[in-house]
Asker: 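Structure incoming, see below.
Values reported hereafter were calculated over all heavy atoms of this structure, with side chains retained and with hydrogens, waters and symmetry mates removed. Just so you know, these numbers come straight off a predicted model, no measurement behind them. Every chain is numbered from 1, with letters handed out A, B, ... down the list of sequences.
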There are 2 protein chains.
Amino acid sequence: MLKLDLSKVSPFLPQDYVTSRQAKLEKAASMLSSHSGPGGEFTGWVDLPRDYDKEEFARIKAAARKIQQQSQVLVVIGIGGSYLGARAVIELLASPNYNLKKKDTPDIYFAGNGLSTDSLLELIALIGDRDFSVNVISKSGTTTEPAVAFRIFKAMLEEKYGKEGARGRIYATTDARRGALKGLADAEGYEEFVVPDAVGGRYSVLTAVGLLPIAAAGIDIDALMGGARLAMEELSAGGPENPAWQYAAARHGLYQAGKKVELLACYEPPFRFFAEWWKQLYGESEGKEGKGLFPASVEFTADLHSMGQYIQEGERLMFETVVKFAPKGQFIIPNDPDNVDGLNFLSGKPLSFVAEQAMRGTILAHVDGGVPNVLIELPAIGEASVGYLIYFFEYVCGLSGHLLEVNPFDQPGVEAYKKNMFALLGKPGYEDLKAQLEMRL
Amino acid sequence: MLKLDLSKVSPFLPQDYVTSRQAKLEKAASMLSSHSGPGGEFTGWVDLPRDYDKEEFARIKAAARKIQQQSQVLVVIGIGGSYLGARAVIELLASPNYNLKKKDTPDIYFAGNGLSTDSLLELIALIGDRDFSVNVISKSGTTTEPAVAFRIFKAMLEEKYGKEGARGRIYATTDARRGALKGLADAEGYEEFVVPDAVGGRYSVLTAVGLLPIAAAGIDIDALMGGARLAMEELSAGGPENPAWQYAAARHGLYQAGKKVELLACYEPPFRFFAEWWKQLYGESEGKEGKGLFPASVEFTADLHSMGQYIQEGERLMFETVVKFAPKGQFIIPNDPDNVDGLNFLSGKPLSFVAEQAMRGTILAHVDGGVPNVLIELPAIGEASVGYLIYFFEYVCGLSGHLLEVNPFDQPGVEAYKKNMFALLGKPGYEDLKAQLEMRL
């Protein structure tokens, strides 16, 4: 399913860059499979594609069907891992233009992932008088952005459908046992889905967190899980021939050799938000204790005409990871009898042939410019290939965090801005901090 | 119009970081205003908001009206500077959801900015049987991506409207005197607009390159130019109190102090593609000779829950530039009698108050984490403020490139991938290179 080419990394690293890390990789893989080591309590994602809750999975599919029947719009309320996974998969599998397409599944809008007044007002106008449902996703129910959005859309639903009608249109994905949203969902009788304790937000796309919106968009979540299951089986074997081990070793070697930025590149525009999901996965897992590769992304060939100059000749601080999907369709380049643009040497060739050579030519140009290149090749964009890639990136991320000797599954730094924000907002209990901060503004 | 706050940069730099660069800034400003020094022949953008072609500007507005009357869809074909400026301004001023809105201006789709077969096929399906026009933007007419796209959409127009009908729906923005597209446009009688010689692609958004699509979207291009004109007048004065000088000095000082990444952050989601435009502007201007800040971007508060961990505690290689717009509308946070989420201390407050405190709290948290912070505050998103910001970023970029002692207006590295691609595609004349490259694949 996935072909990893590290031949354009080798010139930049010692020949034994994988084998010299074998002991550490063995230990990392063992920690992941035994749910031990730093953050071991958050490694439920490792076995998820096999051990997921089958009863809940069936309920997700039923809820998706009900949403499709009842509503022209689904508002998905969540932030961070409760936002990016679903958006990434929906844009990649159903297109960034999903909402513009004629279809028998609802438009999907994401809310509660920011604090922009104008974006909120625009979203309310876009929904207009259409029928809508809400999937609110929050483990605690108290995170500011989604909580504020849920107050607003819950009130809109109750205004439009009455208290009882609203209850039948709200789907709460939250903690299994405790928390503000869990309590409310129990009291109101919302249909509930679970944010598992053992799966952190950035690893949660294949739980109900991601799967309900994904299924509502008409995506085959069985096939998605099947792709992930295949990856789980293939990668758990480990060993120096294993692509996950090899990629983790290459990333770690390049980082130690002074490459501080990993640039994820793809030639398919729908990959844009998948790259955003990937940035959270890696940035939040590795970016701690003053360490970690800075994750950035580009869309090729568009960005060869914007960031291309920097990649070719700027600071030599990066390596590139290219994700290449086979095309689904075919388009033959038409001939121009006048050959105005001088491109008749391409007439009759598939556009994908041009894309392929652009990629190969770019990799060689960047390598010549001092940018090591990892190439990940996959079949066409589809549920199985995307499910595989999700698990591959997750597993490599777990290995990478352990190689870096950080806890790959915590995120202590995310609290810093929240604490300051609460203080400045005048939340009771933060009076001292408020006074301190205001003196610095 | 624009307020620059560098108080959260000062702790990271020597006190005299502006004045110590005054002589260099004076020289840089003088090179820009006199169109001299490295790349001086490409500094037509400096006086553009005053000296633009008024006759062409009127034709742009007339053409936009004609497109609005004739077509439900405008396909804009271009790549790099012939793509990002228009998309950036349309998304920022008319929303990333522009095509989803009910409106009396056409949907706008961008084509010719990549080589994805599936995205091309999807675009053709999205246009469907609707009436459409094409704005093809290319100085030469031979750049592969837009040239291939133009072959395809020109043939579609001729099929649908006949040769003559197609001619009345194609708008060519190209070189004033020479080139493949200029020759074709003359022969066919397309309405023509000019890519000026003295304005490089990444600086071309306020020429016909950007203005025709922007005007077609119903945006007031007089007000946009007016904002840029104000910036031109205010910034050309120079001096150590000038925000452009100060920001350029801060960027250069931070770069010399080891900050290799500039992270552009905004709290408004429609800013996403404006940040992409900014990346090309700075990455392509500064990223050469092994130098230059790596430009990256985040959308807050969403990405505080993804990249936030890295920014707070990862490698200390970055500084942050935050762009803050005032909100246009207002939204009051509703009260919840049960206070389920514990947020009733916010009830009755405007959402923008929460956003403001989130921003202030985040800046302080990031500064405490060792990330210097530049704050740019503007009035609400509108033609004048966006026009001002465009010119501000352009002018600072020109100064910055000169401070870095590179030619800020060339892009020699962009050719490397093209040469390889042509060779691998079998373009006549590249036979030797083809053989060499294929041996390395």
Side-chain angles (χ1 to χ4, degrees), chain A residues 79-80 113-119 121 142 147 151 180 184 260 268-269 280 283-284 287-288 292 296 301-302 304-310 312-315 317 327-329 331 334 340-343 345 351-352 354-355 357-358 360-362 364-365 411 413-414 416-417 420-421 424-425 427, chain B residues 79-80 113-119 121 142 147 151 180 184 260 268-269 280 283-284 287-288 292 296 301-302 304-310 312-315 317 327-329 331 334 340-343 345 351-352 354-355 357-358 360-362 364-365 411 413-414 416-417 420-421 424-425 427:
Chain A
I79 195 166
N113 54 52
L115 294 168
S116 164
T117 297
D118 296 336
S119 290
L121 291 170
T142 58
R151 282 189 174 206
L184 179 71
K260 302 291 189 187
E268 298 299 328
Q280 178 183 7
E284 211 169 44
K288 46 199 73 160
T301 62
L304 290 172
H305 293 249
S306 65
M307 287 294 292
Q309 168 65 35
Y310 192 103
Q312 196 67 47
E313 299 187 344
E315 282 273 348
L317 45 64
K328 275 182 285 210
F331 198 98
V340 170
D341 53 20
L343 295 178
F345 67 100
L351 183 59
S352 60
V354 183
Q357 304 320 318
R360 307 263 165 216
T362 300
L364 292 177
Q411 53 284 331
V414 178
Y417 101 89
N420 286 358
M421 176 179 73
L424 292 171
L425 286 170
K427 186 171 179 175
Chain B
I79 194 165
N113 54 53
L115 294 167
S116 163
T117 296
D118 296 336
S119 291
L121 292 169
T142 58
R151 281 189 175 206
L184 179 71
K260 302 291 190 187
E268 299 298 327
Q280 177 183 8
E284 211 169 44
K288 46 198 73 160
T301 62
L304 290 171
H305 294 248
S306 65
M307 288 293 291
Q309 169 64 36
Y310 192 102
Q312 195 68 47
E313 299 186 345
E315 282 271 348
L317 46 63
K328 275 181 285 209
F331 199 98
V340 170
D341 53 22
L343 295 179
F345 67 100
L351 183 58
S352 59
V354 184
Q357 304 320 319
R360 308 264 164 214
T362 300
L364 293 176
Q411 53 283 331
V414 177
Y417 101 90
N420 286 357
M421 175 179 73
L424 292 171
L425 285 171
K427 186 172 178 174

Asker: Check B/Lys260 with A/Glu315, please: is the shortest side-chain N to carboxylate O separation under 4.0 Å?
Answerer: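 Salt bridge present between A/Glu315 and B/Lys260.
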Asker: So, for B/Ala147 and A/Leu343, which heavy atoms are closest and what is the spacing to 0.1 Å?
Answerer: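 Closest approach of B/Ala147 to A/Leu343, heavy atoms only: CB-CD1, 3.4 Å.
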Asker: Just give me the residue among B/Gly114, B/Gly308, B/Pro334, B/Ser352 that pairs up with chain A most often, heavy atom to heavy atom, under 4.5 Å.
Answerer: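 When all of B/Gly114, B/Gly308, B/Pro334, B/Ser352 are compared, B/Pro334 has the most.
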Asker: Could you give the distance from NZ (B/Lys328) to OG (A/Ser116), rounded to the nearest 0.5 Å?
Answerer: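 One gets 9.0 Å once the value is rounded to the nearest 0.5 Å.
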Asker: Which bit of A/Ala296 comes within less than 4.5 Å of chain B, counting heavy atoms only: side chain, backbone, both or neither?
Answerer: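 Just the side chain, heavy atoms under 4.5 Å.
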Asker: Name the region of A/Leu317, side chain, backbone, both or neither, that has any atom closer than 4.5 Å to a heavy atom of chain B.
Answerer: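 Just the side chain, heavy atoms under 4.5 Å.
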Asker: To the nearest 0.5 Å, what is the distance between CZ on B/Arg151 and CG on A/Asp341?
Answerer: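 The CZ atom of B/Arg151 sits 4.0 Å away from the CG atom of A/Asp341.
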Asker: Could you look at A/Leu425 and say if it's the side chain, the backbone, both or neither that has a heavy atom under 4.5 Å from chain B?
Answerer: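 Both parts, backbone and side chain.
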Asker: Measure the spacing between CD of A/Glu284 and CD of B/Gln312 and express it to the nearest 0.5 Å.
Answerer: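 Result: 12.0 Å between the selected atoms.
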Asker: Just give me the residue among A/Val414, A/Val340, A/Leu351, A/Leu184 that pairs up with chain B most often, heavy atom to heavy atom, under 4.5 Å.
Answerer: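 The residue among A/Val414, A/Val340, A/Leu351, A/Leu184 with the greatest pair count is A/Leu351.
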Asker: Quick one: does B/Glu313's side chain have a donor or acceptor within less than 3.5 Å of a partner on A/Gly287's backbone?
Answerer: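 No.
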Asker: Do any N or O atoms from the side chain of A/Tyr417 and from the backbone of B/Ala358 form a donor-acceptor pair under 3.5 angstrom?
Answerer: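 Not at all, since once roles are kept as given, no pair shorter than 3.5 Å links the two residues.
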Asker: Starting at CD1 of B/Ile79, measure out to NE2 of A/His305 and round the result to the nearest 0.5 Å.
Answerer: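 One gets 4.0 Å once the value is rounded to the nearest 0.5 Å.
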Asker: Verify, without hydrogens or angle tests, whether A/Gln309 (side chain) and B/Gly413 (backbone) share a donor-acceptor contact under 3.5 angstrom.
Answerer: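 Answer holds: yes.
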Asker: I'd like to know if the side chain of B/Asn420 reaches the main chain of A/Thr362, judged simply by a donor and an acceptor atom lying under 3.5 Å from each other, with no hydrogens or angles considered.
Answerer: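 No.
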Asker: Could you give the distance from CG (A/Asn113) to CG (B/Leu304), rounded to the nearest 0.5 Å?
Answerer: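 Rounded to the nearest 0.5 Å, the CG-CG separation comes out at 11.5 Å.
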Asker: In Å and rounded to the nearest 0.5 Å, what is the CD to OG1 distance from A/Glu268 to B/Thr117?
Answerer: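 That separation rounds to 7.5 Å.
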